[in-house]
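Source: prediction; values computed, not measured. Start at 1 with the first residue, then count along the sequence. Just so it is clear, the values below take in all heavy atoms, side chains as well, and ignore hydrogens, waters and symmetry mates.
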Amino acid sequence: QVHLVESGGGSVEAGGALRLSCVASGATSSVKAMAWFRQDPGKAREGVAAIFTGGGTSYYADSVKGRFTISEDSAKNILYLQINSLKPEDTAMYYCAADAVCRYSDYDNFRRYAYWGQGTQVTVSS
């Protein structure tokens, strides 16, 4: 089992910034891929960014490219998402996800990730 706990969400004005954190525990040595997803009520879950541990490979959704940065502190088992230039449409519950499969082709498919955190809310006002 891999346990994930997100934090860092909050309410900010458009143009502001947030840094989300995801602390992983348990069988962290088995993790090969980690990602951030977001979801608003009534909408589909959207892949935001993904990173593959060890290789330094990362991916971003077109909607967040250039504004979001995914990174990890492997020594502390923490995944980060730096969010800059926030827009109202970024408002969502943000989830951390992980799995043990190193596969790049479907990095933004939520169904492939075995482990999920409880989420942290990001609210952006105009």
> side-chain contact (heavy atoms from CB on, under 4.5 Å) with Ser125: which residues, sequence neighbours excluded?
Replying inline: Glu13

> Listed by chain and number, what are the side-chain contact (heavy atoms from CB on, under 4.5 Å) partners of Lys43, not counting sequence neighbours?
Replying inline: Asp40

>> Under a 3.5 Å distance rule, please check whether Glu72 uses its side chain to pair with a backbone N or O of Ile78 as donor and acceptor.
In response: no

> When rounded to the nearest 0.5 angstrom, what is the spacing between CG in Leu81 and CZ in Phe68?
Replying inline: 6.0 Å

>> Once rounded to the nearest 0.5 Å, what's the spacing between atom CD1 of Ile51 and atom OG of Ser58?
In response: 5.5 Å

Contacts under 3.5 angstrom, residues 16-36 side chains, donor-acceptor by atom type, not counting sequence neighbours:
from: Ser30; atom 1: OG; to: Ala27; atom 2: O; distance (Å): 2.7
from: Trp36; atom 1: NE1; to: Tyr80; atom 2: O; distance (Å): 3.3

> Quick one: salt bridge (Lys or Arg N to Asp or Glu O under 4.0 Å) partners of Arg38, sequence neighbours excluded?
Replying inline: Glu46, Asp90

Please set out all donor-acceptor pairs under 3.5 angstrom arising from side-chain atoms of residues 112-119, sequence neighbours excluded.
from: Arg112; atom 1: NE; to: Asp99; atom 2: OD2; distance (Å): 2.8
from: Arg112; atom 1: NH1; to: Arg103; atom 2: O; distance (Å): 2.3
from: Arg112; atom 1: NH1; to: Asp106; atom 2: OD1; distance (Å): 3.0
from: Arg112; atom 1: NH2; to: Asp99; atom 2: OD1; distance (Å): 3.0
from: Arg112; atom 1: NH2; to: Asp99; atom 2: OD2; distance (Å): 2.9
from: Arg112; atom 1: NH2; to: Val101; atom 2: O; distance (Å): 2.5
from: Tyr113; atom 1: OH; to: Tyr107; atom 2: O; distance (Å): 2.6
from: Trp116; atom 1: NE1; to: Tyr113; atom 2: O; distance (Å): 3.1

>> Looking only at the aromatic ring of each residue, does the gap between the centers of Tyr94 and Phe37 stay below 6.0 angstrom?
In response: no

> Taking a hydrophobic cluster as the set of Ile, Leu, Val, Met, Phe, Trp and Tyr residues connected by side-chain heavy atoms closer than 4.5 Å, whether directly or through intermediates, do Leu79 and Phe52 fall within one such cluster?
Replying inline: no

> Which heavy atom in Thr120 sits nearest to a heavy atom in Gly9, and how many Å separate them?
Replying inline: OG1-N, 3.0 Å

> Are Gln121 and Thr91 side-chain neighbours, meaning at least one heavy-atom pair lies under 4.5 Å?
Replying inline: yes

> Roughly how far apart are Arg111 CZ and Arg45 CZ, rounded to 0.5 Å?
Replying inline: 8.5 Å

> Got a sec, which pairs hit ring-ring contact (aromatic ring centres under 6.0 Å, His included) with one end in residues 11-35, sequence neighbours left out?
Replying inline: none

> Is there a donor-acceptor contact under 3.5 Å from the side chain of Thr69 to the main chain of Gln82?
Replying inline: no

